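First the structure, in the form of structure tokens, and then the observations on it.
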There are 2 protein chains.
Amino acid sequence: MVTILVIDDEEDIRELLCYNLKKEGYDVYSAENGEKGLASMLANKPDLIILDVMMPGMDGIEVCEAIRRTDGFQKTLICFLTARNEDYSQIAGLDAGADDYVAKPVKPKVLVSRINALLRRKGMISLESGHVKDLVINREKYVVEKNGAVIHLPRKEFELLALLASKPDYVFERDTILDKVWGSDIVVGDRTIDVHVRKLREKIGEHYIKTVKGIGYKFVEVQN
Amino acid sequence: MVTILVIDDEEDIRELLCYNLKKEGYDVYSAENGEKGLASMLANKPDLIILDVMMPGMDGIEVCEAIRRTDGFQKTLICFLTARNEDYSQIAGLDAGADDYVAKPVKPKVLVSRINALLRRKGMISLESGHVKDLVINREKYVVEKNGAVIHLPRKEFELLALLASKPDYVFERDTILDKVWGSDIVVGDRTIDVHVRKLREKIGEHYIKTVKGIGYKFVEVQN
DNA sequence: TTTTATTTTAAAAAGATCTTCAAAAAATGT
DNA sequence: ACATTTTTTGAAGATCTTTTTAAAATAAAA
């Protein structure tokens with residue numbers, strides 16, 4: 001499990017980043033200033049720290065230096081958020097510690113894919129395709145392979161399958177599914193999930209997804 | 001993953017280079033003098049070293065010679081940063097070890113593209129897709145060949161194709177495409193990518209680029 | 001068994017996202 | 001400055017995806 005710490009004084013930004021990173025499956029913590037950030041770092045031991053350069057109090061550079069001085073965090077990944085027209089002379093020491101930069105204003109999608117890329121580059125995650133039974137779920141190609149045959153799935157169906165298959169035999173409640181696949185703020189009717197499950201079963205086969213009546217659905221690894 | 005080491009005594013330059021090279025996706029380290037640079041080299045085993053010629057203490061030439069004397073780094077790429085009015089008689093022996101030169105003052109874009117070109121030339125990165133299916137994507141000629149026929153493509157179209165073809169079957173999200181082809185700070189409308197895709201399909205054929213609705217596009221190696 | 005709640009199914013409606021075209025804007029070449 | 005090429009935009013239409021609807025099927029509970 002990859003843990004990420006977001007340090008930014010703007011609450012909106014923090015929330016935006018946390019929301020999107022959590023949705024991506026990361027364990028996310030946040031802090032509103034350098035001091036709290038460093039404390040959170042010691043407590044949660046993040047693998048990656050996202051750090052705003054411009055903050056009141058300790059700025060990003062200082063926090064970065066402090067991180068690098070802390071035993072055990074010399075190699076923790078750091079990604080800076082920099083204003084677009086940042087003056088290079090003002091961001092002295094920037095090269096010392098950062099592993100990547102993302103320019104503000106931050107687009108969630110861009111940030112998430114950059115974070116993914118960085119973590120992959122550093123070997124922190126293997127976005128490798130997961131395989132369950134005879135299915136290979138390949139997120140990078142956005143396809144499912146079954147005995148070599150390639151099955152194309154539309155987005156929602158793919159995400160639904162990926163979710164269920166991420167924990168075989170584990171039941172996902174309908175609320176959880178709605179939350180993870182659709183997002184907590186989207187409101188859809190009650191039958192939407194069912195229909196997607198049906199489409200999935202049509203495409204990949206009937207026996208992979210099992211209904212747990214009154215609860216939700218699960219991807220069956222072992223039949224019973 | 002390509003690792004680059006920047007050795008320069010001027011902090012501003014180091015930062016500028018680090019910033020831009022990291023943003024390009026390289027793993028970048030830096031040092032402020034020859035001694036520290038050599039230490040960092042041993043620790044991080046860079047594929048390419050960017051070396052300022054004029055530095056207090058060990059100058060670039062000396063560092064270069066030291067690098068070449070070090071076991072395992074005889075073939076490490078070296079790119080010199082030279083002052084514009086450098087007296088070339090003074091930098092004797094420069095040709096002994098360097099693989100490229102960039103004149104100061106350094107423009108980030110120029111440097112990055114020179115570095116890219118150098119690494120490509122030396123086979124460190126395969127930004128060019130070589131040949132996929134019956135297409136040969138030739139970056140040096142900036143041309144695509146299909147069964148011997150030469151297809152000329154304008155820059156954006158070429159870059160787009162090169163990007164997609166660099167990882168056949170992998171889906172590139174629209175944001176990623178925008179980032180890589182247009183640049184993260186350029187803002188273009190939503191339909192721009194589509195139109196370029198259409199032009200590409202017109203020129204190279206319909207079946208190479210597949211739309212993955214809601215996600216992006218991919219270059220299909222294997223039909224399905 | 002009968003009732004009740006829940007899920008399946010199929011088809012249609014609504015929605016979102018792409019494709020295409022034409023034309024404007026920007027860049028490049030002569 | 002003019003012509004040409006390249007890039008970008010906007011709008012209409014096509015296509016694919018998602019959601020809803022409602023009836024039929026199913027499982028669990030009374």
Side-chain angles (χ1 to χ4, degrees), chain A residues 109 142-144 150-164 171-220 224, chain B residues 109 142-144 150-164 171-220 224:
Chain A
K109 276 196 152 189
Y142 226 84
V143 293
V144 175
V150 178
I151 303 169
H152 160 80
L153 296 179
R155 193 168 47 181
K156 285 285 191 296
E157 285 165 44
F158 185 92
E159 295 300 340
L160 176 56
L161 175 61
L163 175 67
L164 295 178
V171 182
F172 288 83
E173 298 181 26
R174 301 177 85 93
D175 282 342
T176 309
I177 295 174
L178 237 39
D179 213 57
K180 295 268 187 186
V181 177
W182 275 263
S184 49
D185 40 3
I186 306 295
V187 179
V188 290
D190 245 8
R191 299 277 63 76
T192 305
I193 295 174
D194 312 51
V195 175
H196 282 272
V197 168
R198 174 179 146 265
K199 296 241 180 85
L200 262 180
R201 296 211 255 232
E202 265 173 17
K203 288 174 187 167
I204 65 174
E206 294 294 327
H207 63 293
Y208 294 97
I209 299 173
K210 192 189 170 200
T211 306
V212 182
K213 210 160 180 175
I215 311 290
Y217 295 91
K218 69 159 119 172
F219 187 99
V220 287
N224 45 309
Chain B
K109 276 197 160 184
Y142 226 82
V143 123
V144 175
V150 176
I151 303 169
H152 161 80
L153 294 179
R155 194 172 55 201
K156 285 284 190 294
E157 284 166 45
F158 185 92
E159 295 299 340
L160 176 56
L161 175 62
L163 175 67
L164 295 178
V171 179
F172 289 81
E173 297 182 21
R174 299 177 86 94
D175 282 332
T176 308
I177 295 173
L178 239 38
D179 211 57
K180 295 272 186 185
V181 177
W182 274 263
S184 52
D185 38 7
I186 306 296
V187 179
V188 289
D190 243 7
R191 299 278 64 75
T192 304
I193 295 176
D194 312 53
V195 174
H196 282 269
V197 168
R198 172 176 148 268
K199 297 243 179 86
L200 264 179
R201 295 210 255 232
E202 264 173 18
K203 288 174 188 169
I204 65 175
E206 294 294 326
H207 62 293
Y208 294 97
I209 299 173
K210 192 189 169 201
T211 305
V212 183
K213 216 163 180 174
I215 312 288
Y217 294 92
K218 67 160 111 172
F219 186 100
V220 286
N224 44 304

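Naming convention: chains lettered A, B, ... in sequence-line order (proteins, then strands); numbering from 1 in each chain. This is a predicted model, so every value here is computed, not measured.
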> Under 4.0 Å between a side-chain N/O of Trp182(A) and OP1 or OP2 of dT19(D), yes or no?
Replying inline: yes
Under 3.5 Å, which N/O atoms of the protein pair with N/O atoms of nucleotides 16-23 of chain C?
residue, atom, partner, partner atom, Å
dT17(C), O3', Gly214(B), N, 3.4
dT17(C), O2, Lys213(B), NZ, 3.3
dC18(C), OP1, Arg174(B), NH1, 3.4
dC18(C), OP1, Gly214(B), N, 3.1
dC18(C), OP2, Arg174(B), NH1, 3.3
dT19(C), OP1, Arg201(B), NH2, 2.3
dT19(C), OP1, Thr211(B), OG1, 2.6
dT19(C), OP2, Tyr217(B), OH, 2.6

> Quick one: Asp190(A) CG to dT20(D) C1', roughly how many Å, whole number?
Replying inline: 12 Å
> How bent is the helix from dT1(C)-dA30(D) to dT30(C)-dA1(D), comparing axes over its five end pairs at each side, to the nearest 10°?
Replying inline: 30°
>> My understanding is that only residues two or more places apart in sequence, or in another chain, count here; which of them pass side chain to side chain donor-acceptor pair (under 3.5 Å) with Glu159(B)?
In response: Arg139(B), Tyr142(B)
>> Quick check on Lys203(A): does its NZ atom have over 12 non-hydrogen neighbours (other residues, nucleotides or ligands) under 6.0 Å away?
In response: yes
> Which whole-number value in Å describes the distance from Ile193(A) CD1 to dT8(C) P?
Replying inline: 11 Å
> For His196(A) and dT20(D), is the shortest distance between a side-chain N/O and OP1 or OP2 below 4.0 Å?
Replying inline: no
>> Please check if the number of heavy atoms outside Arg191(A) that lie under 6.0 Å from its CZ is greater than 12.
In response: yes
> How close do His207(B) and Val220(B) get, heavy atom to heavy atom, and via which atoms?
Replying inline: O-CG2, 3.0 Å
> Separation of Leu161(A) atom CG from dT17(D) atom C1', in whole Å?
Replying inline: 17 Å
>> I need the minimum non-hydrogen distance between Val171(B) and Gly216(B), along with the two atoms involved.
In response: CG1-N, 4.2 Å
> Is there a side-chain contact between Lys199(B) and Lys156(B), using heavy atoms and a 4.5 Å cut-off?
Replying inline: no
>> Do Phe172(B) and Tyr217(B) make a side-chain contact, defined as non-hydrogen atoms from C-beta onward lying under 4.5 Å apart?
In response: no
> Taking CD1 from Ile151(B) and P from dT6(D), how many angstroms apart are they, rounded to a whole number?
Replying inline: 14 Å
> Starting at the 5' end of DNA chain D and moving along, which residue's nearest nucleotide shows up first, Leu153(B) or Ile186(A)?
Replying inline: Leu153(B)
> Rounded to the nearest Å, what distance is computed from the CZ atom of residue Phe158(B) to the C1' atom of nucleotide dT7(D)?
Replying inline: 18 Å
> Between Asp175(A) (CG) and dT6(C) (C1'), how many Å, whole number?
Replying inline: 15 Å
>> Give me the atom names and distance for the closest heavy-atom approach of Glu202(B) to Glu206(B).
In response: N-OE2, 4.3 Å
> Does a side-chain heavy-atom distance below 4.5 Å link Phe158(A) with Val143(A)?
Replying inline: no
